[in-house]
2 protein chains.
Amino acid sequence: MLDAQWFSEAQTSSGTAFSLKITRKLHEEQSEFQFLEIYETEQFGNLMVIDGCTMVSTRDNFFYHEMMSHPVLFTHPNPKRVWIIGGGDCGTLREVLKHPGVEQAVQIDIDERVTRLAEIYFPELCESNNDPRADLKFIDGIKWVKDAAPNSVDIIIVDSTDPVGPAEGLFCADFYKDCFNALSENGIVVQQSESALLHMKILKEMRDEMQAGGFTHLQTVFFPQCIYPSGWWSATMASKQDLSKFREADAANKGFDTVYYNNDIHKASLAMPEFFKKAFA
Amino acid sequence: MLDAQWFSEAQTSSGTAFSLKITRKLHEEQSEFQFLEIYETEQFGNLMVIDGCTMVSTRDNFFYHEMMSHPVLFTHPNPKRVWIIGGGDCGTLREVLKHPGVEQAVQIDIDERVTRLAEIYFPELCESNNDPRADLKFIDGIKWVKDAAPNSVDIIIVDSTDPVGPAEGLFCADFYKDCFNALSENGIVVQQSESALLHMKILKEMRDEMQAGGFTHLQTVFFPQCIYPSGWWSATMASKQDLSKFREADAANKGFDTVYYNNDIHKASLAMPEFFKKAFA
């Protein structure tokens with residue numbers, strides 16, 4: 001049994017829980033959209049919790065933010081215009097802006113309070129918020145993509161919460177169809193796609209919706225993410241073009257620091273577990 | 001807060017805890033060596049706990065058992081004689097015996113009660129216990145290796161608990177030196193080596209001890225393991241020979257079923273995260 005010295009996220013659907021030992025609660029508020037909490041943990045730095053789910057910790061967020069950004073950016077031949085739907089903690093934005101070829105990165109999160117809290121409690125994730133290429137919007141990402149003109153963007157990163165609550169509409173064919181229309185010829189959308197151990201149903205539905213949205217090529221990448229259910233997470237890329245190759249030489253000479261990602265890890269993240277291969281054969 | 005409906009393993013050293021929702025406790029006993037518990041969980045099948053640490057669940061043990069066995073067996077050119085030190089739940093033994101070239105697999109676990117409980121609560125892991133090539137011994141693995149004649153074995157798999165209690169001596173140079181002497185020319189020892197996110201100190205010390213034991217080539221493999229701390233686990237191979245190549249064609253045509261492992265996953269498991277590469281450069 002764990003007492004009040006721990007913050008626990010219990011996931012009823014999988015019968016698993018992950019907990020971090022906390023030293024104190026730093027903040028809580030009900031924003032217009034979500035219930036936001038910030039804890040100071042004993043060994044993971046600060047922790048942001050949204051509607052009871054662990055979102056980001058100081059210590060282990062590098063896995064997620066790097067793997068949501070660098071594989072897709074090194075897969076596209078020449079990404080200049082990037083949109084981040086969600087991503088209010090600004091960690092994905094920081095990784096995207098490490099790529100010198102990116103000319104514009106627009107972060108569209110419906111909840112401005114997430115970003116305002118990240119600026120206070122996760123300042124290192126926000127260190128590129130004032131980059132002249134960064135544009136932070138606090139509006140509805142679904143509407144933003146729907147209203148976009150064709151060929152507006154090269155990469156759309158859907159850095160969302162789980163497919164319940166405000167993020168539900170981000171896992172639907174209508175949204176992917178709008179992404180398809182907004183993307184350029186070689187455009188790619190990538191979305192966090194839960195745990196292949198616990199959430200194969202969500203993964204399968206999401207891949208079906210992506211195909212219903214018009215995308216012919218899908219590629220799921222796998223990576224560790226300690227604070228998310230099962231500790232093993234995934235992201236799925238969808239494109240009009242082949243996704244099995246990437247700019248290996250550029251990744252090998254990336255010229256910026258990462259903690260987890262490198263050229264070998266990129267290749268490794270594409271390997272499909274045997275059960276996953278069978279499920280999507 | 002989690003109540004008595006959950007079994008939690010809280011790891012003080014990392015300030016993390018992992019929990020499974022349980023429906024009932026099936027068994028508990030103090031063996032000569034350890035405190036053993038078996039739970040029925042809501043969604044992970046049965047769970048074995050040793051001295052408070054989650055050891056094996058029905059649902060997710062395939063990651064660990066496959067990754068402790070197949071990478072090392074497909075790295076050695078022609079493994080015939082395999083020893084498993086620890087491994088009392090018999091899951092590693094089952095994977096090893098999937099290789100038709102293996103002529104003898106000796107499992108040496110000090111605690112016979114672990115195997116007797118596995119036979120009752122994890123019968124699928126014990127399905128090869130009566131294979132004529134299997135030899136189950138319930139004696140001290142450290143002494144077994146120390147007393148072995150040179151060139152007695154091709155592969156030693158150290159499938160142990162954490163480096164505290166009965167397993168502590170399995171992480172020391174003296175033990176690795178004895179492994180070195182017992183192994184054949186192309187011989188390889190592989191040992192579970194904890195989480196690279198949480199336990200880099202143990203990993204570093206273990207690699208140092210392996211080198212002090214005489215091994216010149218080391219290779220760490222990485223894989224998901226939901227019920228172990230951080231959900232991201234590793235095993236480290238040590239040999240007198242190069243470990244960077246493996247029998248890819250044989251792995252691609254393995255001719256037996258696995259859930260996680262395949263040729264691509266083998267390659268992927270060798271990729272070193274950026275921080276790991278820097279730590280061991």
Side-chain angles (χ1 to χ4, degrees), chain A residues 1-8 10-23 41-44 59-60 62-63 66 195-198 222-233 254 257-278, chain B residues 1-8 10-23 41-44 59-60 62-63 66 195-198 222-233 254 257-278:
Chain A
M1 291 203 284
L2 298 176
D3 62 16
Q5 289 189 297
W6 296 81
F7 172 80
S8 296
Q11 205 192 36
T12 314
S13 64
S14 66
T16 65
F18 176 74
S19 311
L20 288 175
K21 195 157 193 194
I22 53 175
T23 40
T41 73
E42 189 187 86
Q43 303 207 36
F44 271 62
R59 179 164 174 184
D60 84 332
F62 63 88
F63 289 108
E66 293 181 9
S195 165
L197 180 68
L198 304 178
F222 301 89
F223 51 91
Q225 187 57 55
C226 177
I227 71 163
Y228 289 175
S230 86
W232 185 42
W233 216 242
K254 55 187 166 59
D257 281 342
T258 48
V259 184
Y260 180 65
Y261 179 89
N262 58 39
N263 183 42
D264 292 335
I265 287 293
H266 187 149
K267 259 182 282 190
S269 75
L270 306 174
M272 281 190 281
E274 192 71 0
F275 75 88
F276 193 87
K277 212 183 229 180
K278 282 180 183 156
Chain B
M1 290 202 283
L2 298 176
D3 62 17
Q5 290 190 296
W6 296 81
F7 172 80
S8 296
Q11 204 191 37
T12 314
S13 64
S14 66
T16 66
F18 176 74
S19 310
L20 288 174
K21 195 158 193 193
I22 54 176
T23 41
T41 73
E42 189 186 86
Q43 302 207 37
F44 271 61
R59 180 164 173 184
D60 85 333
F62 64 87
F63 289 109
E66 293 182 8
S195 165
L197 180 67
L198 303 178
F222 301 90
F223 51 91
Q225 187 56 55
C226 177
I227 71 164
Y228 289 175
S230 86
W232 184 43
W233 216 241
K254 56 188 166 57
D257 282 343
T258 49
V259 184
Y260 179 65
Y261 179 87
N262 59 38
N263 182 43
D264 292 336
I265 287 293
H266 188 149
K267 259 182 283 189
S269 75
L270 306 174
M272 282 190 280
E274 192 72 0
F275 75 87
F276 194 87
K277 212 182 228 179
K278 281 179 183 156

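Both backbone and side-chain heavy atoms feed into the values below; hydrogens, waters and symmetry mates do not.
In this structure, the portion of B:S8 lying under 4.5 Å from any heavy atom of chain A is its side chain and not its backbone. At a 4.5 Å heavy-atom cutoff, the contact between B:D257 and chain A is made by side-chain atoms alone. With a threshold of 4.5 angstrom between heavy atoms, B:I22 does not approach chain A through any atom at all. There is no contact between B:S195 and chain A, counting heavy-atom distances below 4.5 Å. Contact annotation for B:F7: neither backbone nor side-chain heavy atoms come within less than 4.5 Å of a heavy atom of chain A. For A:Y228, no part lies near chain B; criterion is any non-hydrogen pair under 4.5 Å.
Between B:K254 and A:E274 there is a side-chain heavy-atom pair separated by less than 4.5 Å. Side-chain contact check for B:R59 versus A:L198: some heavy-atom pair is nearer than 4.5 Å.
By number of non-hydrogen pairs under 4.5 angstrom with chain A, the leading residue of B:L197, B:L20, B:T41, B:I227 is B:L197. Most heavy-atom pairs under 4.5 Å with chain A: of the set B:S13, B:A17, B:C226, B:G231, this distinction falls to B:A17. The candidate with the highest count of non-hydrogen atom pairs below 4.5 Å against chain B, out of A:A10, A:A4, A:S14, is A:S14.
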Expected list for residues 265-273 of chain A: side-chain donor-acceptor pairs under 3.5 angstrom, two or more places apart:
{"from": "A:H266", "atom 1": "ND1", "to": "A:Y261", "atom 2": "OH", "distance (Å)": "2.7"}
{"from": "A:K267", "atom 1": "NZ", "to": "A:E248", "atom 2": "OE1", "distance (Å)": "3.3"}
{"from": "A:S269", "atom 1": "OG", "to": "A:H266", "atom 2": "O", "distance (Å)": "2.7"}

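Note: B:F222 and B:W232 have parallel aromatic rings, judged against thresholds of 30 and 60 degrees for the angle between ring planes.
Expressed to the nearest 0.5 Å, how far CZ of A:F18 lies from OG1 of B:T16 amounts to 5.5 Å.
Taking the six-membered ring for Trp, B:F63 and B:F223 have ring centres at least 6.0 Å apart.
Judged as a side-chain contact (heavy atoms from CB on, under 4.5 Å), and not counting sequence neighbours, the contacts of A:Q5 are A:D3, A:K21.
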